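Position 1 is the first residue of the sequence, and the numbers go up from there. Scope of the values below: all heavy atoms of this structure, side chains included, with no hydrogens, waters or symmetry mates. Please read these numbers as outputs of a predicted model, since none were measured by experiment.
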Amino acid sequence: LGNIVRFNFPAGNMVRAFVNNVDSYTGKTLSKVFNSAASGAGNEPDAPQEPIIPKQQYEVIGTLQSPEGEKPDCVSEVIQSASREAHLAAMLTCDVIVYNISDTPETVSEASWAVEALHEQLTNFASLKVFICVSTVLTWARSKPVDPASNRASWIALFNDPDFLSICG
């Protein structure tokens with residue numbers, strides 16, 4: 001993640017991160033990574049590598065996968081995902097929004113809704129927002145071809161796109 005995405009948030013400012021399903025394994029781990037970035041923890045002391053994400057003060061909020069789920073200690077606030085208005089309002093207060101779409105099929109439609117809802121609010125953003133979608137190779141393998149006559153999945157074209165190569169290169 002650190003080699004692909006560089007966060008350039010103003011130093012000293014609190015960065016709010018929204019993570020869906022903070023009670024899932026992935027959600028807990030992502031929340032811990034954001035929290036460990038505040039102290040620079042999680043990096044090997046003798047390793048000359050950059051931190052996974054830059055040292056910054058992060059506040060993590062998110063939704064629960066299960067209504068009976070418990071809020072992890074590293075999460076400051078849980079948003080009730082049943083209320084789309086509250087969900088959108090919470091995401092609008094965040095600088096980083098992370099969706100893991102690999103756990104359940106419902107999260108794919110929820111993430112799609114989130115992207116569309118955020119896109120509708122794009123002109124109201126006071127600052128840059130980073131949307132990160134976490135998936136698996138199996139998610140991409142189910143992609144339909146752009147051209148039905150072709151056997152190539154649509155994501156293969158993405159890797160040949162000059163913009164993609166300049167971002168990840």
Side-chain angles (χ1 to χ4, degrees), residues 1-10 13-38 52-54 56-144 146 153-155 157-159 161 163-164 167-168:
L1 181 64
N3 292 331
I4 297 173
V5 178
R6 299 276 185 232
F7 298 121
N8 292 317
F9 297 112
N13 291 355
M14 174 71 74
V15 176
R16 279 177 60 99
F18 174 92
V19 178
N20 79 313
N21 300 337
V22 293
D23 56 332
S24 69
Y25 175 79
T26 305
K28 286 178 190 172
T29 303
L30 287 167
S31 300
K32 287 178 184 175
V33 167
F34 279 115
N35 278 295
S36 68
I52 294 173
I53 55 179
Q56 183 78 43
Q57 191 68 28
Y58 289 90
E59 176 187 16
V60 179
I61 66 170
T63 58
L64 295 176
Q65 185 173 22
S66 167
E68 303 84 36
E70 286 188 33
K71 177 182 80 68
D73 293 337
C74 56
V75 174
S76 63
E77 181 183 351
V78 170
I79 309 304
Q80 298 303 318
S81 61
S83 168
R84 288 229 165 149
E85 293 80 22
H87 198 144
L88 177 59
M91 288 190 298
L92 288 171
T93 67
C94 294
D95 303 293
V96 180
I97 300 154
V98 184
Y99 261 89
N100 175 14
I101 62 169
S102 62
D103 288 340
T104 64
E106 295 81 29
T107 57
V108 175
S109 61
E110 184 181 318
S112 295
W113 165 81
V115 167
E116 290 171 9
L118 288 167
H119 187 264
E120 288 174 8
Q121 298 291 323
L122 194 60
T123 57
N124 300 327
F125 288 179
S127 63
L128 174 71
K129 297 197 183 300
V130 178
F131 191 97
I132 301 171
C133 186
V134 178
S135 64
T136 65
V137 71
L138 295 175
T139 303
W140 290 89
R142 297 191 62 186
S143 298
K144 303 224 182 323
V146 174
S154 59
W155 59 270
L158 173 68
F159 293 121
D161 184 280
D163 289 336
F164 177 81
I167 291 169
C168 296

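Shortest non-hydrogen contact noted between V75 and G62 is CG1-N, 4.3 Å. Closest approach of L88 to A117, counting heavy atoms only: CD1-CB, 3.8 Å. The two atoms that bring I61 and S76 nearest to each other are CG2-OG, 3.7 Å, heavy atoms only. The nearest pair of heavy atoms linking C74 to V60 is O-CB, 3.9 Å. Of all heavy-atom pairs between S127 and D95, the closest is OG-OD1, 3.9 Å. The nearest pair of heavy atoms linking N20 to E110 is CB-OE2, 4.4 Å.
The main-chain N or O of C94 is found under 3.5 Å from a side-chain atom of K129 such that the two form a donor-acceptor pair. Using modelled atom types, one side-chain atom of S83 and one backbone atom of A86 make a donor-acceptor pair closer than 3.5 Å.
Because its NZ or CZ atom is not both nearer than 6.0 Å to the ring centre of F34 and within 45° of the ring axis, K32 does not count as a cation-pi partner of that residue.
Listed by first then second residue, pairs satisfying ring pair (Phe, Tyr, Trp, His ring centres under 6.0 Å) with a partner in residues 92-114 read F18-Y99, H87-W113, Y99-F131, not counting sequence neighbours. Residue pairs meeting the salt bridge (charged side-chain N to carboxylate O under 4.0 Å, His left out) criterion with at least one partner in residues 16-27, sequence neighbours excluded, are R16-E59, R16-E77.
Rounding to the nearest 0.5 angstrom, the gap separating the CE atom in M91 from the OG1 atom in T63 is 9.5 Å.
Legend: residues meeting side-chain hydrogen bond (donor to acceptor under 3.5 Å, both in side chains) with E106, ordered by chain and number and at least two apart, are T104. Residues that satisfy the side-chain hydrogen bond (donor to acceptor under 3.5 Å, both in side chains) test with N21, not counting sequence neighbours, are absent from this structure. With sequence neighbours excluded, the residues satisfying side-chain hydrogen bond (donor to acceptor under 3.5 Å, both in side chains) with T26 are N100. The side-chain hydrogen bond (donor to acceptor under 3.5 Å, both in side chains) check on N124 picks up Q121, with sequence neighbours excluded.
Looking at heavy atoms from C-beta onward, Q65 lies in side-chain contact with D103 at the 4.5 angstrom threshold. In this structure, L118 and I97 have side chains that are in contact, with non-hydrogen atoms separated by less than 4.5 Å.
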